[in-house]
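Notes for the one structure printed next.
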Amino acid sequence: MEEKKRGAFSGSIGFILAAAGSAVGLGNMWRFPYLAARNGGGLFLVIYIILALTFGFTMLTTEIAIGRKTKQSPLTAFSQLSKKFKFAGVFACIVPFIILPYYCAIGGWVIKYFVDFIIGNGEAATADGYFGGFITSQWAPIIYMLIFFVLTAFAVFKGVEGGIEKLSKILMPALIVIVICVSIFSLTLKHTDAGVTRTGLEGLKIYVLPSFEGVTVGKFFSILMDAMGQLFFSLSVAMGVMIAYGSYVKDEDNLGKSVNQIEIFDTGVAFFAGVMIIPAIFTFLGREGLESSGPGLMFVALPKVFQAMGPVVGRIVGIVFFAMVLFAALTSSVSIMEAVVASFNDQFHWERKKSCIIESICCLVIAIVVCLGYNVFMFEITLPNGAAAQILDILDYLSNNLLMPIVAIAECILIGWVCGPKTIEDEICKGGNKFGRKGLYNVMVKFIAPILLFVLLLRAVGIFNLLGINL
Ligand code: PFF
């Protein structure tokens, strides 16, 4: 068979923006700020940053280097390093396959709210039960999901340089500008409610000042685990994406430098998402408002905040905010789809077009089931970690809590003990580049990361709950 030419990013900037585009997504916007507010503010931030510089750095370096070394996507990359680790490749490909449908369903919700604020329906969106009414309706969530999916699939279909890189080069700088402007605006807010005046700066204090109130050893451990789970999802590691993107990086590019910049980008946006959201929520809804996360935060609490800003300002901020979330979600979903499409290309030697069509059909069928999970397929079960779940939550649990730690543990064992960390070092040092934090990397990949990951996995399957340990 004739060898197909592999796509490539045009240079480091294109790669960094695409990888940062993958990393910066809904996780940064709707989970990070809430976790920080709930877990001792600055205390969580410090733990998160330390983890990002050690654990996050290790996983990101490993995946990007595996991708560039093997020039393969997740499904086939692992078996090139060791035949015994083929299963990890299969898992790493199943993860994005599972995530894409529900990420598109949520992307559809974002488009719905974006459109609502554009057409001046923002006020109605704050009514009690509006969000519930929308997701439980039969057709609207499917139609919005389809719009989001078509945008995603179009970029992936156009290829690495002409689609993914181009999209990221436009959306990521726009996102940064919006994040900075909205953050500054959020800090200037002031609101009086029932005789109490609250300001954005007070909200900022809750977010950044460390609070040790009620922090026991158990609580500290649970903050550590929350931070680690978040870091995973946020950096898009253990789901094949960074391996696929790494495989498109040219040999002369400096990988170590790129890893640092992607990390700074992702952590920076997560931090500023908190500066945008926490002061605004605190000013208008008080401390109770900070209790919500995920859909409740984005589609219920925040529209209320925008409404409280007044009809004109609220509408403008609402449009800008949901545009930003849409940009973040799109560049992430593009990367998720690319991981699957690239795997099909490499495994079955299909053309990009054929892989895109097949993945689109699979994704759409599952995504429609996900959307209908709040309607005709509505049911509720309790997950091993105690959370109540519908179809979307089950897919999220399977991918994030079970498969991702397994893939990451396999990666650590493969690199730490089977191939040896030197494999990664050689890749990073190609072309005379330096591998900063090499000693740290070796210890992390061999010992600390797999142990932490194993504990995370035990926690996810509910072992600690079973043992009556509250972590
Ligand atoms: N990292 C993205 C976020 O924080 O929302 C989500 C994500 C991207 C998940 C890519 C999975 C993935 F493959």
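Ligands are counted one by one from 1 in listed order, and the atoms in each one are counted from 1 as well.
Relative to the ring axis of F233, R31 does not place its NZ or CZ within 45° and under 6.0 Å from the centre.
Ligand 1 has no nitrogen or oxygen under 3.5 angstrom from a nitrogen or oxygen of M239.
In this structure, S82 contributes its side chain and F78 its backbone to no donor-acceptor pair below 3.5 Å.
Ring centroid separation for the pair F44 and F32 comes in under the 6.0 Å cut-off.
In this structure, atom 7 (C) of ligand 1 lies nearest to the protein heavy atom S236 OG, 3.9 Å. Annotation: atom 1 (N) of ligand 1 to nearest protein heavy atom, F233 O, 2.7 Å.
We find that R352 and E359 are not joined by a salt bridge, their nearest charged nitrogen and carboxylate oxygen being 4.0 Å or further apart. Contact check on D226 versus R459 returns a salt bridge, with a Lys/Arg side-chain nitrogen under 4.0 Å from an Asp/Glu carboxylate oxygen.
Per-residue contacts place S234 under 4.0 angstrom from the following atoms of ligand 1 (heavy atoms of the residue considered): 1 (N), 4 (O). Residue A23 approaches ligand 1 through these ligand atoms, each under 4.0 Å from one of its heavy atoms: 1 (N), 2 (C), 3 (C), 4 (O). Interface of S22 with ligand 1, defined as ligand atoms under 4.0 Å from a residue heavy atom, comprises 1 (N), 2 (C), 8 (C), 10 (C). The V241 neighbourhood of ligand 1 comprises atoms 12 (C), 13 (F), with distances under 4.0 Å to a heavy atom of that residue. Close contacts of ligand 1 with L26, meaning ligand atoms under 4.0 Å from a residue heavy atom, involve 3 (C), 5 (O). Those atoms of ligand 1 with a heavy atom of N28 less than 4.0 angstrom away are 4 (O). Below 4.0 Å from some heavy atom of I99 lie the following atoms of ligand 1, by number and element: 11 (C).
Contacts between Y103 and ligand 1 below 4.0 angstrom, taking non-hydrogen atoms only, involve the side chain exclusively.
Under the rule for a side-chain hydrogen bond (donor to acceptor under 3.5 Å, both in side chains), the partners of E427 that lie at least two apart in sequence or sit in another chain are R68, K430.
D116 and Y130 form a side-chain donor-acceptor contact under 3.5 Å, judged by distance and modelled atom types alone.
Remark: distances from the non-hydrogen atoms of S335 to ligand 1 include one below 4.0 Å.
The side-chain contact (heavy atoms from CB on, under 4.5 Å) with Y144 is formed by just one residue from the set F134, Y113, W109; it is F134.
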